[in-house]
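Below: the structure, in structure tokens.
Each chain gets a letter, A, B and so on, in the order the sequences are listed, and its residues count up from 1. Treat the numbers as computed from the prediction; the structure is a model and nothing was measured.
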Amino acid sequence: MASSYKEMEEKWQRRWSEEGLDRSERSDKKKFMIVFAYPGVSGYLHVGHMRGYTYCDVIGRYKRMTGHNVMFPVGTHATGNGAVTLANRIARNDKDMIDYLKRNGCPDDKLEELMDPLSLVWFFNDVYVNDYWKRFGFLSDWRRFTCTLYQDYAKFMQWQFMKLNDAKLLIQKPYFMPACTECGPVAVDASESDISKGGNAETQEYTLLKFRCNDVFLVAATLRPETVYGQVNFWVNPDVEYVKMRKGDETWIVSPAAAKKLSYQKDGCEIIGTINGKDMVGWMCEAPMIRRPVPVFPAKFCDPNVGTGLVTSVPSDAPDDWISLEEVKNDPKMISEYGLTKEQIDSAVPISIISMDGYGDFPAKDIIDSMGIKRSGDPKLLDAKKQVYKDGYHTGKMKAVCGKFAGLRVEDAKDRMKEEMIASGEAESFHDLSEEVICRCGSPVMIKRVDDQWFINYADEELTKRTSGHCRTMDIIPAEYQNNVHTVLNWFRERACVRQGNWLGTKFPYDERWTIEAISDSTLYPIYYIISMYANRKEILPEQMTEPFFDHVVLGKDDAENVSKITGISKELLEKIRKDVDYWYPLDLNVGGKDHMTVHFPTFLFNHAAILPSEKLPRGIMVNWYITGKKSKISKSKGGAQPIPGAAERFGVDSLRLYYAHVASPYADVEWDEDIVMSYRQRLDRIITMTEELNSFTEGETETEVDTWLLSRFGTHIAAIHEGMKKLDIRAMASETYFEMFNDMKWYVRRGGCNSAVIRNALKMWISAMSPITPHVSEELWSICNFEGLVSEYQYPDIPEGNAGAEFGETLIRDVIADMAQIIKVTEIKAERAFIYTSPEWKKKVMRTALDLSSSGKLDIPTLTKMCMADESLRKHGKTVPELAKKFATEMSRTSNDWRYALLQLDETEHLSSAARFISSETGVNVTVISADDEGLYDPKGRSKAALPGRPAIYLE
RNA sequence: GCUGGAGUAGCCAAGCCUGGUCAAAGGCGACAGACUCAAGAUCUGUUCUCGUAGGGGUUCACCGGUUCGAAUCCGGUCUCCAGCACCA
């Protein structure tokens with residue numbers, strides 16, 4: 001016995017490798033290929049991540065033991081800006097980041113090296129492989145490891161895009177992306193790798209509303225185009241100097257900042273002059289859609305840096321508008337200062353346009369009142385605005401005043417009204433960031449129109465149909481996702497698949513200025529694991545991995561001879577790789593976290609369907625849920641989580657694997673709790689101790705009923721495991737093995753079981769059942785028992801038929817003990833002797849007759865009664881027979897009766913007699929078992945009359 | 001709001017598709033007992049409620065329905081969770 005888990009783990013991992021279990025090669029066996037969605041390289045992972053990975057290894061090991069040749073390759077996904085961000089933070093000497101790295105075991109002398117993104121990726125590749133996956137005992141084929149930043153992977157990726165292009169699934173159209181005015185495209189995200197400010201900014205799509213005023217347009221930007229029916233006036237900031245801008249053959253008035261932004265998105269913009277805000281106050285301009293003249297009023301809340309710096313006023317639904325309008329109306333000084341007329345003031349009356357749950361006619365007023373906002377400029381107005389916007393979007397309906405849009409939900413009206421105004425030339429769309437974003441270089445980041453952005457056309461109907469159709473033939477679990485995946489596939493639109501800027505990844509083959517984006521390069525990759533091994537060994541070189549190469553080995557195009565000439569790869573090797581691909585693909589199972597349901601899995605399916613023939617499309621998907629933190633999520637960036645090597649050290653790898661396998665359904669989130677992991681460790685400890693003890697048994701030649709029982713029970717458990725694993729029910733496997741079988745073993749010993757041959761037989765079943773989940777402990781126990789070879793390579797034999805009678809026999813004993821205990825507890829008598837009366841033969845006969853009738857569907861009270869009373873031997877028992885017949889007929893017609901066959905197989909008197917000693921010792925009462933048929937039996941209270949088959953009568957005194 | 005999911009005893013969690021040994025597996029925790037120098041140890045029992053003979057009563061979010069019979073099937077209500085995109 002190894003002295004520690006760690007020692008045990010290392011020992012067996014070495015053995016597996018020595019025996020070649022971590023290498024997958026073609027063979028005559030049925031193959032099984034499984035992968036997990038490879039993780040993004042963005043720092044250390046935590047214990048939660050190991051959940052899904054562990055499921056893969058468990059499934060792979062199980063398949064291996066049931067006759068499959070298994071391939072379980074792993075890799076990493078380093079595309080994107082994660083590594084760049086991380087490297088930058090280290091380079092900046094970010095204290096939190098350095099602390100986090102060190103806490104996870106990063107050596108000080110590595111930090112310098114990690115300032116380079118690529119070095120950082122190579123570093124973490126090693127961490128993932130060695131500290132996580134190898135440490136956990138995965139039987140993965142490490143020779144096939146690949147990373148999305150490898151040269152050879154890039155060649156595969158470029159080929160994939162060529163095939164998408166061949167399938168006419170690559171399209172180009174305009175796109176709006178954040179870009180620094182000096183450095184070009186940047187990533188705007190919370191990690192702020194490219195930018196110095198504004199990481200939380202989102203790109204928002206505004207509608208520019210054009211208000212005609214003689215020969216110029218005042219242009220307002222709004223996020224709520226559906227509110228145009230509520231427009232009653234227009235706002236300008238009197239303190240701001242606006243610009244006049246030529247836009248095509250029109251003249252627009254907007255803020256200077258807006259003019260600059262617009263020039264990045266619209267053609268033909270040119271500033272031709274300026275105009276002061278205060279000069280516009282008092283103008284009348286025509287509102288779009290409603291075509292009504294509205295007055296221009298002054299308002300300080302118009303920020304020249306937001307939108308266009310000009311705002312349309314919808315007081316009914318915009319809190320700012322409501323409160324500012326009130327202020328204008330109640331400020332005679334302002335009215336006279338700007339020369340506003342009474343007609344203008346009186347015309348600005350709020351119009352109720354949207355009905356919303358929980359609000360009256362004027363939602364803006366309601367929220368102002370409920371939040372206690374008194375004047376413009378109150379910072380709470382921002383929250384008020386968001387709240388009304390959100391509630392309106394979700395629950396609002398357009399009122400009758402909204403013309404043909406009346407009755408529409410806000411969500412729908414928004415798009416329809418916007419489109420209509422754009423079509424009529426009254427509006428245009430405009431993209432802007434929700435907050436100020438500044439590049440690392442100090443220049444502002446703006447939204448820039450790109451005319452030739454590439455997309456993968458996932459909206460393609462043919463593709464969607466083919467993909468969706470294929471999904472119906474797959475094993476997708478849980479079943480809920482099997483049903484929902486079609487909705488997701490239909491919901492997919494064109495997806496921008498390349499980007500510019502400071503990102504890692506593969507160059508787009510048709511335009512090297514672009515980098516293939518992170519989701520798009522991780523869809524078809526499982527097939528690449530079959531090829532990566534040859535690239536890793538340098539048997540094929542990136543420059544040889546051209547279109548004809550992949551066309552041949554993946555799609556079987558052209559013949560090896562020709563391709564060999566073109567690529568310089570030997571014909572034999574090409575044929576070998578082609579055969580490998582043909583053997584291992586399709587992928588049997590892709591395991592990924594629940595977040596992949598709406599992004600990775602659909603694109604994984606789409607790309608397979610787009611490029612590969614139907615017989616090579618994936619066969620299965622399994623989605624796993626998460627391990628969460630106590631209160632918030634255990635996030636790798638927050639650093640609160642237990643590092644994986646630390647957990648492995650502390651609990652032992654197999655305890656963790658058992659924890660993942662059993663703690664909950666894979667399809668539910670679980671809260672990480674070390675005490676629970678500890679309890680799994682204790683269970684493993686107990687199992688080890690028990691196995692060692694059992695293995696020392698040497699006696700017992702004759703098989704007793706407990707022996708028969710144990711083997712039957714174990715057979716039943718193993719059958720349940722196989723049944724469950726048809727649906728990859730790992731939890732059922734764990735439950736049967738580590739709990740049910742364990743409890744049966746305990747009962748066996750307690751009942752005095754000691755037959756060493758039986759025990760060895762049972763141990764063999766038990767230890768092999770444990771092997772997929774706790775492989776290290778299983779190997780150790782397997783070797784302690786001197787079983788042949790490695791348990792990891794053991795093939796589960798066919799299971800012998802269960803013995804229902806034997807299984808029922810033990811249930812009977814337990815029931816009798818429980819009944820006696822209950823009687824003693826309730827009556828509080830101090831019993832010294834117990835008499836157990838088993839059912840008389842004639843009652844069994846009645847039951848048998850009833851069962852026979854029941855199985856032929858003819859059971860009813862009169863039939864049964866008649867049949868029994870026709871029997872001479874029964875009739876002599878008089879009126880108790882019809883009573884019993886009635887009881888059985890009633891009970892048996894309403895319940896399932898399989899167990900009754902088992903009980904009739906059993907000689908209860910014999911069985912209970914042989915267990916009498918055991919029952920006595922368990923209950924502390926001296927037990928005598930008597931058949932109710934016995935002549936002159938001791939039965940002072942006449943209890944024996946109550947004896948029924950499977951339900952002996954009990955008398956205590 | 002849309003799409004999907006969930007609500008089971010002190011807690012976690014099976015069961016629900018395929019209605020009937022379901023007062024409802026298993027695990028934690030708690031209580032009691034055994035063992036004991038000791039152990040985050042192990043073993044045994046109890047853990048909805050009433051009950052001096054193995055029984056009865058009331059339960060599986062809530063309301064109603066189907067059925068001889070419902071935790072399980074159907075309709076409705078309430079509450080909670082996830083995703084809603086270019087982010088891996």
Side-chain angles (χ1 to χ4, degrees), chain A residues 37-42 77-82 175 177 187 189-191 203 357 390-396 409-412 455-456 478-481 483-485 487-488 491-497 499 517-520 522 593-600 602-603 625-626 662-665 667-671 673 675-676 678-683 685-686 689-690 731-732 734-736 738-740 742-743 746 749-750 811 815-816 818-829 831 890-900 922 941 943 946 950-956:
Chain A
Y38 51 16
V41 181
S42 53
H77 183 252
T79 310
N81 67 348
Y175 185 65
M177 66 153 125
D189 60 20
S191 60
T203 303
D357 292 350
K390 205 172 108 193
D391 291 342
Y393 186 79
H394 294 320
T395 70
R409 294 185 313 149
V410 164
E411 204 177 336
D412 301 324
F455 293 80
I456 299 176
E480 291 74 24
Y481 187 51
N483 298 331
N484 191 227
V485 71
T487 317
V488 180
W491 163 78
F492 249 79
R493 297 288 136 237
E494 302 88 355
R495 185 184 181 91
C497 60
R499 54 187 320 154
E517 159 285 335
I519 292 296
S520 304
S522 53
K594 64 177 179 181
D595 52 344
H596 290 109
M597 288 196 286
T598 49
V599 185
H600 167 68
T603 56
W625 266 237
Y626 296 146
H662 185 263
V663 68
S665 155
Y667 321 115
D669 285 336
V670 173
E671 207 177 71
D673 183 339
D675 290 345
I676 291 176
M678 203 52 178
S679 74
Y680 281 104
R681 188 198 154 122
Q682 284 166 357
R683 180 158 292 266
D685 288 341
R686 271 186 277 169
T689 311
M690 177 187 264
R731 186 164 199 265
S735 186
E736 295 291 334
Y738 300 89
F739 295 87
E740 300 296 331
F742 176 70
N743 287 340
K746 278 201 299 199
V749 173
R750 193 168 149 201
T811 310
D815 285 351
V816 166
D819 281 348
M820 286 173 64
Q822 196 181 142
I823 296 166
I824 291 166
K825 185 185 161 199
V826 171
T827 62
E828 292 175 346
I829 57 176
T890 314
E891 272 177 10
M892 290 166 70
S893 63
R894 290 185 181 174
T895 59
S896 62
N897 297 307
D898 294 348
W899 64 282
R900 295 186 203 266
E922 290 289 314
K941 291 252 168 100
R943 300 262 188 229
R951 197 78 213 282
I954 296 167
Y955 170 60
L956 292 172

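- One atom, CE of Met597(A), and another, C1' of G4(B), lie 8 Å apart when rounded to the nearest Å.
- Considering only side-chain N and O atoms, Lys746(A) lies under 4.0 angstrom from the phosphate OP1 or OP2 of U44(B).
- Summarising the base pairing, C2(B) is matched to G83(B) through a Watson-Crick or G-U wobble pair whose two defining distances lie under 3.5 Å.
- In this model, the phosphate group of G45(B) is approached by a side-chain N or O of Arg750(A) to a distance below 4.0 Å at OP1 or OP2.
- Nearest to the side chain of Lys594(A), among A82(B), G54(B), A25(B), sits A82(B).
- Taking atom OH of residue Tyr626(A) and atom C1' of nucleotide C81(B), one finds them 13 Å apart after rounding to whole Å.
- Of all nucleotides listed (A6(B), G40(B), G26(B)), A6(B) comes nearest to the side chain of Glu480(A).
- A donor atom on one side chain and an acceptor atom on the other are not found under 3.5 Å apart for His662(A) and Tyr738(A).
- Contact annotation for Glu828(A): no contact, since no heavy-atom pair falls under 4.0 Å across all strands.
- Residue Ser665(A) is in sugar-phosphate contact alone, with no base atom involved, counting any heavy-atom pair closer than 4.0 Å across all strands shown.
- A distance of 7.5 Å separates CD in Glu517(A) from CD1 in Ile456(A), rounded to the nearest 0.5 Å.
- C78(B) and G7(B) make up a base pair, with Watson-Crick or G-U wobble contacts both under 3.5 Å.
- Leu956(A) comes within 4.0 angstrom of a base, heavy atoms only.
- Between U42(B) and U58(B), the two P atoms lie 40 Å apart (nearest whole Å).
- No engagement by Lys941(A) is indicated, since no non-hydrogen atom pair under 4.0 Å with the nucleic acid exists.
- As judged by a 4.0 angstrom heavy-atom cut-off over every strand, Trp491(A) is placed among the base-contacting residues.
- Between the CZ atom of Arg681(A) and the P atom of U42(B) there is a distance of 12 Å, rounded to whole Å.
- No engagement by Pro602(A) is indicated, since no non-hydrogen atom pair under 4.0 Å with the nucleic acid exists.
- Between the side chain of Ser735(A) and the main chain of Ala732(A), no donor-acceptor pair closer than 3.5 Å is present.
- When heavy atoms are screened at a 4.0 angstrom cut-off, Tyr955(A) is found touching base atoms of the nucleic acid.
- The shortest distance between the side-chain N/O atoms of Arg686(A) and the OP1/OP2 oxygens of C43(B) is below 4.0 Å.
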### Task
Could you go through the side-chain contact (heavy atoms from CB on, under 4.5 Å) check for Glu480(A) and Tyr667(A) one step at a time?
CA-CA 10 Å; Glu480(A) 291 74 24; Tyr667(A) 321 115; 5.9 Å; no
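- If you measure from atom NE2 of His600(A) to atom C1' of C84(B), you get 19 Å, rounded to the nearest angstrom.
- The side chain of Arg951(A) contributes an N or O atom lying less than 4.0 Å from OP1 or OP2 of G55(B).
- Within the shown strands, nothing qualifies as a pairing partner of A71(B) under the Watson-Crick or G-U definition with both distances less than 3.5 Å.
- Looking at heavy-atom distances under 4.0 Å, Asp675(A) makes contact with a base.
- Here His77(A) lies in heavy-atom contact (under 4.0 Å) with sugar-phosphate atoms only.
- As judged by a 4.0 angstrom heavy-atom cut-off over every strand, Glu922(A) is placed among residues making no nucleic acid contact.
- In the set C86(B), U52(B), A85(B), the nucleotide with an atom closest to the side chain of Tyr175(A) is C86(B).
- At the heavy-atom level, Phe455(A) lies nowhere under 4.0 Å from the strands shown.
- With both ends at atom C1', the span from U44(B) to U36(B) equals 16 Å, rounded to whole Å.
- Of the candidate nucleotides C84(B), U52(B), C28(B), C28(B) has the atom lying nearest to any side-chain atom of Arg683(A).
- The P atoms of G69(B) and U46(B) are separated by 33 Å, rounded to the nearest whole Å.
- Checking G4(B), G51(B), A88(B) against the side-chain heavy atoms of Asn484(A) singles out G4(B) as nearest.
- To the nearest 0.5 Å, atom CD1 of residue Ile519(A) and atom NE2 of residue His77(A) are 6.5 Å apart.
- The side chain of Val826(A) approaches A53(B) more closely than any other nucleotide in the set C86(B), A53(B), G27(B).
- Within 4.0 Å (heavy atoms only), Ala953(A) reaches at least one base atom of the nucleic acid.
- Side chain of Val599(A), nearest nucleotide from G54(B), A14(B), C87(B): C87(B).
- As rounded to whole Å, 15 Å separates atom C1' of G4(B) from atom CG of Asp595(A).
- The OH atom of Tyr481(A) sits 7.5 Å away from atom OG1 of Thr598(A), with the distance rounded to the nearest 0.5 Å.
- Side-chain atoms of Glu517(A) lie closest to C86(B) of the nucleotides C86(B), U42(B), A25(B).
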